[in-house]
*Asks:* 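The following block contains the structure, expressed as structure tokens.
Per chain, numbering begins at 1; letters A, B, ... match sequence-line order. Quick note: numbers below take in every heavy atom, side chains included, and nothing from hydrogens, waters or symmetry partners.
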Protein chains: 2
Amino acid sequence: MATMQDVADRAGVTKQTVSNVMGNRGRVGRETAARVRAAVKELGYTPNLVARSLATGTTKTLGMLVPTLSGGFYSVLVEEVEDVLNRHGYHLLLCTTHLDGERARRHLAGLSSRNVDALLIAGDQDLPTQLPVLAEAPFPVALCAWETEAPDGYPVVTIDYERAGCLAGRHLRELGHERVAVIASPAHGARIEGFRRALAADGIVLADDDVHFAPEPTSTGGFLAAQAAFTADPEVTALFATHDILALGAIDAAKESGRAIPGDVSIVGHDDNDEASLARPALTTVAIPKREMARLAAEQLLRILAGAEEGTNSLHLLRPSLTVRASSGPVRAAR
Amino acid sequence: MATMQDVADRAGVTKQTVSNVMGNRGRVGRETAARVRAAVKELGYTPNLVARSLATGTTKTLGMLVPTLSGGFYSVLVEEVEDVLNRHGYHLLLCTTHLDGERARRHLAGLSSRNVDALLIAGDQDLPTQLPVLAEAPFPVALCAWETEAPDGYPVVTIDYERAGCLAGRHLRELGHERVAVIASPAHGARIEGFRRALAADGIVLADDDVHFAPEPTSTGGFLAAQAAFTADPEVTALFATHDILALGAIDAAKESGRAIPGDVSIVGHDDNDEASLARPALTTVAIPKREMARLAAEQLLRILAGAEEGTNSLHLLRPSLTVRASSGPVRAAR
DNA sequence: CTGAAAGCGCTTACAG
DNA sequence: CTGAAAGCGCTTACAG
């Protein structure tokens, strides 16, 4: 590989001048610059970014930590972030944790040793115990898709999850549902709370017993939780699943128990991942602006790197919206 | 951040000795090593990998190029590769192309400037024109999920796609189907060819007109292509979709036209992505060992880097298998 | 406008 | 077993 010195030799200048030409920096004579550019082209010179990084302390690389790429949620966030970075000449160092705290810690150390310029963490399930470590990170860190209370000191771009739950609850109330239950993942406290609040506003009490946790975040998990819900209250007329994939399992459970959807039971999901529109009946779900969230978080980090923003400790809450499809409908007349 | 020199000063040795201790390299006295390790711990020293990279020419980073992360295919490959890398102390620089050749070219240049140790390219739809550029890459390159003829000079780990098509064809033949059609993406020539061959073995001719290309690789695309198939031959009893997501659209089209699945028409997909088992009826599909493919490709690259293997120009073909679910069944009696 | 020097933080022979 | 020197390929002040 040609080096900057090679280019300098060929152009009859010093490598410092080559550096200036490459960076459009320092004033370089037109004629000299042209000679340098010619040499660059002839030699097929391309700067060694590792060397530049060592000299500048900047790598034009952003790290991103996600729990997983399976399912239609985090993979979309990653895709969007990579798009933003690509537009700005940055690259993406992607790390998955599989909810393994030790693995997250290792990744943090690795990213730090590799001098990433910034880190974006998606999802709040990863770092229960890693926050202290994070605080010492020598680069800016932003958080997104954060449902629990956001820790202090970081820019956070996330969804108003409580409002999301609210939208689901309000929707079901407007359809006249009063016997409702929730199929949930444990981490989805805010959604559940919002849902509960929306019902409470109409005097409906969602008891703790009406929340059925799925044993795993899969359609099977949703299936089992829905069965539990049907057992607990055979007259239930609506189910809110805090996760689309759980809703898919709930649809199966409803069908298997002979319930028509939405005739006998309405089902509402959350996220509006691809699965939601592919379900049959197509799933009514709370849509959250995934891509926008990812984009905003990445752009904020980039602005901080550009020195255009301080950005510590901001909280940007994005609003969810309801996507009504075929799985929800008016409550059936009492039998 | 503490530097190696800081550690050396504190331990009363030279930084070269610290380097040796960190790398378990060179013979260092027990007592000296202990002092160094103590200093490392006290200072919270962590080596600067960028500096190390400049000195060694190795970055412990692997680049991966994929068309997209949407859908259940490439995201799984990426996840698996990251797992492998994580086990070996490597990191993943992830690039998506969105089938944009210019973007692929830029990424190639960026990865090369960043001195990734190796590159894994998934999918053959990206680099129609970039292969010459690739040939000059200063690092080993491996290919996976390659359906068209694999270019010479690279290790390739892929699926026997023709056999995959064969399995679908044979399955439908065994169920007695003779009027069949294909719903396809243009890039899936091998699958189609295999399917055709399997039918031909039983004397059934799949004409070019029996292959209906989807206008886009989505369930809507599959829906439209399936409609075209039903129009072209209302008596068709089986559909092979070269892509699960197309099959989902085909299921909708069948239902909408009043056809029962599999009573009136059987539908077989390809890939066995998550969507397949979530479909209703659950989709019979050709399962391909995605994770194994990704793992093998990544491991081969790692072996090449370790000098344990030459590895240029090998072709590793993985065998698909058929996953029978509810969307396929015996041909109905002729009306 | 251009060049000489020092430095980024490591590793790699090579002496002792 | 340990140290002094040179070098990886850039950039950053600083002179001229």
*Asks:* Sequence neighbours left out, what passes side chain to side chain contact (heavy atoms under 4.5 Å, CB included) with B:Ser70? Give chain and number order.
*Replies:*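 If we apply the side chain to side chain contact (heavy atoms under 4.5 Å, CB included) test to B:Ser70, skipping adjacent residues, the hits are A:Glu79, B:Thr68.
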
*Asks:* So B:Thr17, base contact, sugar-phosphate only, or nothing? Heavy-atom distance under 4.0 Å.
*Replies:*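 It contacts sugar-phosphate atoms only.
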
*Asks:* Sequence neighbours excluded, which residues qualify as side chain to side chain contact (heavy atoms under 4.5 Å, CB included) partners of A:Arg295?
*Replies:*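 A:Arg295 satisfies side chain to side chain contact (heavy atoms under 4.5 Å, CB included) with A:Glu80, A:Val84, A:Arg87, A:Glu292, A:Glu299 only.
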
*Asks:* Show every salt bridge (Lys or Arg N to Asp or Glu O under 4.0 Å) that has at least one partner inside residues 131-155 of chain A, sequence neighbours left out.
*Replies:*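 Pairs touching residues 131-155 of chain A that pass the test: A:Glu147-A:Arg191.
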
*Asks:* By a strict heavy-atom criterion of less than 4.0 Å, which residues belonging to residues 29-38 of chain A are in contact with DNA chain C?
*Replies:*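 A:Gly29, A:Thr32 - these, ordered by number, are the residues of the stretch whose heavy atoms sit under 4.0 Å from the strand.
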
*Asks:* Measure the CG-OG1 distance between A:Asp117 and A:Thr61 for me, rounded to the nearest 0.5 Å.
*Replies:*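 It comes to 6.5 Å.
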
*Asks:* Wobble G-U and Watson-Crick pairs count when both distances are under 3.5 Å; given that, what is the 5' to 3' dot-bracket string of DNA chain C, with | for pairing to other strands?
*Replies:* |||.||||||||.|||

*Asks:* With sequence neighbours excluded, tell me which residues meet side chain to side chain contact (heavy atoms under 4.5 Å, CB included) with B:Gln5.
*Replies:*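 Counting only residues at least two positions away or on another chain, B:Gln5 forms a side chain to side chain contact (heavy atoms under 4.5 Å, CB included) with B:Thr3, B:Ala8, B:Asp9, B:Lys15.
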
*Asks:* Please enumerate all protein N or O atoms sitting under 3.5 Å from an N or O of nucleotides 10-12 of chain C, with distances to 0.1 Å.
*Replies:*
from   : atom 1 : to      : atom 2 : distance (Å)
C:dC10 : OP1    : B:Tyr45 : OH     : 2.6
C:dC10 : OP1    : B:Asn48 : N      : 2.8
C:dC10 : OP2    : B:Thr3  : OG1    : 2.8
C:dC10 : OP2    : B:Met4  : N      : 2.4
C:dC10 : N4     : B:Lys15 : NZ     : 2.7
C:dT11 : OP1    : B:Arg52 : NE     : 2.8
C:dT11 : OP1    : B:Arg52 : NH2    : 3.4
C:dT11 : OP2    : B:Ser19 : OG     : 2.5

*Asks:* Looking at residues at least two apart in the chain, or sitting in another chain, which of them share a side chain to side chain donor-acceptor pair (under 3.5 Å) with A:Asn273?
*Replies:*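 Residues passing side chain to side chain donor-acceptor pair (under 3.5 Å) with A:Asn273: A:Lys290.
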
*Asks:* With sequence neighbours left out, which residue pairs that include part of residues 50-94 of chain B fulfil the ring pair (Phe, Tyr, Trp, His ring centres under 6.0 Å) condition?
*Replies:*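 As it turns out, the ring pair (Phe, Tyr, Trp, His ring centres under 6.0 Å) pairs with a partner in residues 50-94 of chain B, which skip direct neighbours, are A:His107-B:His91.
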
*Asks:* Could you tell me which residues satisfy side chain to side chain donor-acceptor pair (under 3.5 Å) with B:Asp83, sequence neighbours excluded, listed by chain and number?
*Replies:*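 Result, side chain to side chain donor-acceptor pair (under 3.5 Å) vs B:Asp83: A:His98, A:Arg103.
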
*Asks:* How would you list, by chain and number, every residue that makes a side chain to side chain contact (heavy atoms under 4.5 Å, CB included) with A:Ala187, sequence neighbours excluded?
*Replies:*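 Per chain and number, A:Ala187 pairs via side chain to side chain contact (heavy atoms under 4.5 Å, CB included) with A:Gln125.
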
*Asks:* List the residues meeting side chain to side chain donor-acceptor pair (under 3.5 Å) with A:Thr17, not counting sequence neighbours, and say none if there are none.
*Replies:*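 Per chain and number, A:Thr17 pairs via side chain to side chain donor-acceptor pair (under 3.5 Å) with no residue.
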
